Amino acid sequence: MKSLKFAVIGTGFWANYQIPAWFTVGGVELIALYNRTRARADAFARQFNVPNVYDSIDELLDHHAHELDFVDIITDVDTHLHFTRKAAERGLDVICQKPMGPSLHEARQMLEICQKAGTRLYIHENFRWQTPIRAVKTVLESGVIGRAFKARVSFCSAFPVFDNQPFLAELEQFILTDIGSHILDITRFLFGEAQSIYCQTARINPHIKGEDVANVLLRMKSGLSCYVEMSYASILEKEAFPQTLVSIEGSAGSLVLTNDYVLKTTTAAGTTTTTVPPSNYAWADPAYALVHSSIVACNQNLLADLQLQNRSLTGPAETTGSDNFETIRLVYAAYDSARRNEVVNLTN
Ligand code: 89V
């Protein structure tokens, strides 16, 4: 199968890992880079041997849209609609970094623009692709713990995330967009769709603009009750960054994904313990190894869909634009609930 040609839009922190992850997956050719600051793009071009560099998206597309198959947008959330529109208008398929958009309205516009242009929109949402989360889903679907009725999905950390991503400290809406877009997607991946949501938020860190704590209670359509907690203000005995810890109780047992990728399954027969660590890649940052390894799995899934010649077929992609719209809908419903201090019904 011929390699698909793509351009990377945005050469910031995550491009350091998205690009090598594409090279690990293979089957793609990186033709061009865009960054608003050309010097940053030049540095990436030298590092990754990319032939064409631009600080104008229009110039990049004027020169290369005819040969490109897709673009990989790895920019700040406020520019996702802009770059999605630019690519879709040239008939290019789009992979866009999470969170999908800075509002539900802009996320919906991204969907509509790509649908109108007949191009495919995918969201690079990789937490559901983490090895431990796939293992939790396998145990859950085996039926060994019976019908799940209660769960907790937890991302609580004191990791200095603003050191690598200073723009996060400027977001008026921080942890629900940055982490909620991840772990609410894990919740949907494990338990399906939600019918109601209640959320409380707080800002503990005085040096940031947005909330750094959010506690969310979901009632899923299955009847399961799920507590989804996220914090970058949690000073705990064991720093778990960037792990998402999960506990699920069912009618025949329970499972716990705890620190250091330990997965315990308990039934009347007792408790079995396994470890489900991520793959390691030489290009990954050890502090982010779990996240960086999931970039490869996510890119592999999206590439398999992009390679489908028959565009009318429903491909294997899990985090399509329309699927991830349901995740971002939970993010902004959580803000709505916190603002009103009310339960928000999602099934209208
Ligand atoms: O992957 C991300 O969205 C990052 C992190 C999880 C590190 O906060 O912003």
Side-chain angles (χ1 to χ4, degrees), residues 8 10-22 72-80 95-102 107 122-133 153-189 201 203-205 207-214 216 228-234 236 239-246 259 261 278 281 283-299 302 319 324 327-328 330-332 334:
V8 162
T11 55
F13 174 72
W14 285 102
N16 286 295
Y17 309 103
Q18 290 280 126
I19 293 173
W22 276 120
D72 190 2
I73 299 171
I74 319 175
T75 57
D76 294 355
V77 63
D78 290 339
T79 63
H80 287 177
I95 297 175
C96 184
Q97 192 54 243
K98 51 68 65 179
M100 188 170 177
Y122 308 97
I123 303 301
H124 186 101
E125 168 44 59
N126 53 41
F127 269 38
R128 62 164 67 197
W129 286 104
Q130 294 173 0
T131 306
I133 301 302
V153 178
S154 177
F155 184 110
C156 294
S157 169
F159 183 84
V161 70
F162 307 107
D163 293 354
N164 287 324
Q165 298 174 268
F167 77 93
L168 292 174
E170 299 304 314
L171 295 176
E172 299 289 346
Q173 296 180 322
F174 165 46
I175 203 161
L176 277 163
T177 58
D178 183 58
I179 296 301
S181 57
H182 281 313
I183 65 177
L184 289 167
D185 192 67
I186 285 177
T187 303
R188 288 186 56 240
F189 172 64
T201 61
R203 178 166 64 85
I204 306 304
N205 181 337
H207 306 298
I208 67 172
K209 290 184 180 173
E211 84 289 353
D212 53 0
V213 177
V216 178
V228 183
E229 57 176 351
M230 59 205 87
S231 162
Y232 265 121
S234 299
L236 305 173
E239 174 52 61
F241 182 87
Q243 298 168 54
T244 300
L245 308 183
V246 179
N259 297 69
Y261 320 120
Y281 295 100
W283 46 263
D285 177 335
Y288 291 76
L290 176 66
V291 176
H292 292 165
S293 67
S294 69
I295 296 173
V296 174
C298 185
N299 282 355
L302 300 183
T319 58
N324 196 259
T327 295
I328 204 78
L330 291 182
V331 167
Y332 291 110

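Whatever order the structure lists ligands and atoms in, that order sets their numbers, starting from 1. Since the model is a prediction, treat every value here as computed from it, not as a measurement.
Within the 3.5 Å criterion, the main-chain N or O of Asn205 finds a donor-acceptor partner in the side chain of Arg203.
Ring-plane geometry between Tyr281 and Trp283 is classed as parallel, the angle between the planes falling under 30 degrees on a 0 to 90 degree scale with a further cut at 60. Using bins of under 30°, 30° to 60° and over 60° for the plane-to-plane angle, the ring pair Tyr288/Phe159 lands in the perpendicular bin. Ring geometry for Phe155 versus Phe241: interplanar angle over 60°, hence perpendicular rather than tilted (30 to 60°).
In this structure, CD1 on Ile74 lies 13.0 Å from NZ on Lys98, to the nearest 0.5 angstrom.
Ligand 1 is surrounded by Trp14, Lys98, Phe127, Val161, Gln165, Asp178, Ile179, His182, Tyr232, Phe241, Tyr288, each with at least one heavy atom closer than 4.0 Å.
When the side-chain hydrogen bond (donor to acceptor under 3.5 Å, both in side chains) test is applied to Thr327, the partners found at least two apart in sequence or on another chain are Asp185, Arg188.
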